Amino acid sequence: MSPDPSIELARVRAICLALPDADERLSHGSPGFFIVKGKFFAYFWHNHHRDGETIAVVKTSGLDEQAMLIESDPDFYYAPPYLGPSGWIAMRLDGLEVDWERVAHRIANSWTLVAPRRLLEQQP
């Protein structure tokens, strides 16, 4: 767990809010990122329910993709409580060298999974 998660939160926030129509609001006491008039695509949790983790939580295409990601890198990915059974994935952000490009890629994929057609059609 990061002793001060402000740096990780700032990075996640910048990645999320750079996506079209993205906005932020608290969800169960933690920052959540959603598409305006739409669904959430990412959450930032720090010591959520005293679990000792600083993580970003994002959607996957389902349980198969979630399992593949966890198998590929169990030190980075895991199924988070509450959202994991629905195929969401947690990414640990408190490691010594976080691959922020990988984090940004997963956040963008999550955004794509919930974005309405009108936004997807505007993407280059």
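Note that the structure is predicted; figures quoted are calculated from it, not measured.
- In this structure, V12 is a member of the same hydrophobic cluster as L17, with clusters built from ILVMFWY side-chain heavy atoms closer than 4.5 Å.
- The minimum heavy-atom distance linking G52 with N47 is given by the pair N-OD1, 2.8 Å.
- With respect to the salt-bridge test (charged N to carboxylate O, under 4.0 angstrom), the residues D23 and K37 do not qualify.
- At a threshold of 4.5 Å between side-chain heavy atoms, the hydrophobic network of Ile, Leu, Val, Met, Phe, Trp and Tyr places F40 and L113 in two separate groups.
- Ring orientation note: the planes of W45 and Y82 are nearly perpendicular, at an angle over 60° on the 30°/60° scale.
- The minimum heavy-atom distance between P31 and L26, with the atom names listed, is N-CD2, 3.8 Å.
- Linking Ile, Leu, Val, Met, Phe, Trp and Tyr whenever their side-chain heavy atoms come within less than 4.5 Å leaves L9 and V57 in two separate clusters.
- Within the model, atoms CG of D21 and CG of L119 stand 4.5 Å from one another, a figure rounded to the nearest 0.5 Å.
- Shown here for D94 and E8, the closest heavy-atom pair between the two residues is CA-OE2, 4.5 Å.
- Across every non-hydrogen atom of Y77 and R92, the tightest pair is O-NH1, 3.9 Å.
- Between D99 and R106 there is no salt bridge, since no side-chain nitrogen of the basic residue lies less than 4.0 Å from a carboxylate oxygen of the acidic one.
- Crowding of I7 atom CD1: a count of heavy atoms from other residues, nucleotides or ligands under 6.0 Å not exceeding 12.
- Within the 4.5 Å cutoff, the side chain of W100 has heavy atoms near those of the R11 side chain.
- Closest of all the heavy-atom pairs between P80 and P85 is O-CD, 4.2 Å.
- The hydrophobic cluster containing L83 also contains I55, counting ILVMFWY residues as joined when their side-chain heavy atoms lie under 4.5 angstrom apart, directly or transitively.
- Side-chain atoms of V58 and F33, non-hydrogen and from C-beta on, never get closer than 4.5 Å to each other.
- Screening Y43, W111, F41 for a side chain to side chain contact (heavy atoms under 4.5 Å, CB included) involving C16 leaves a single residue, F41.
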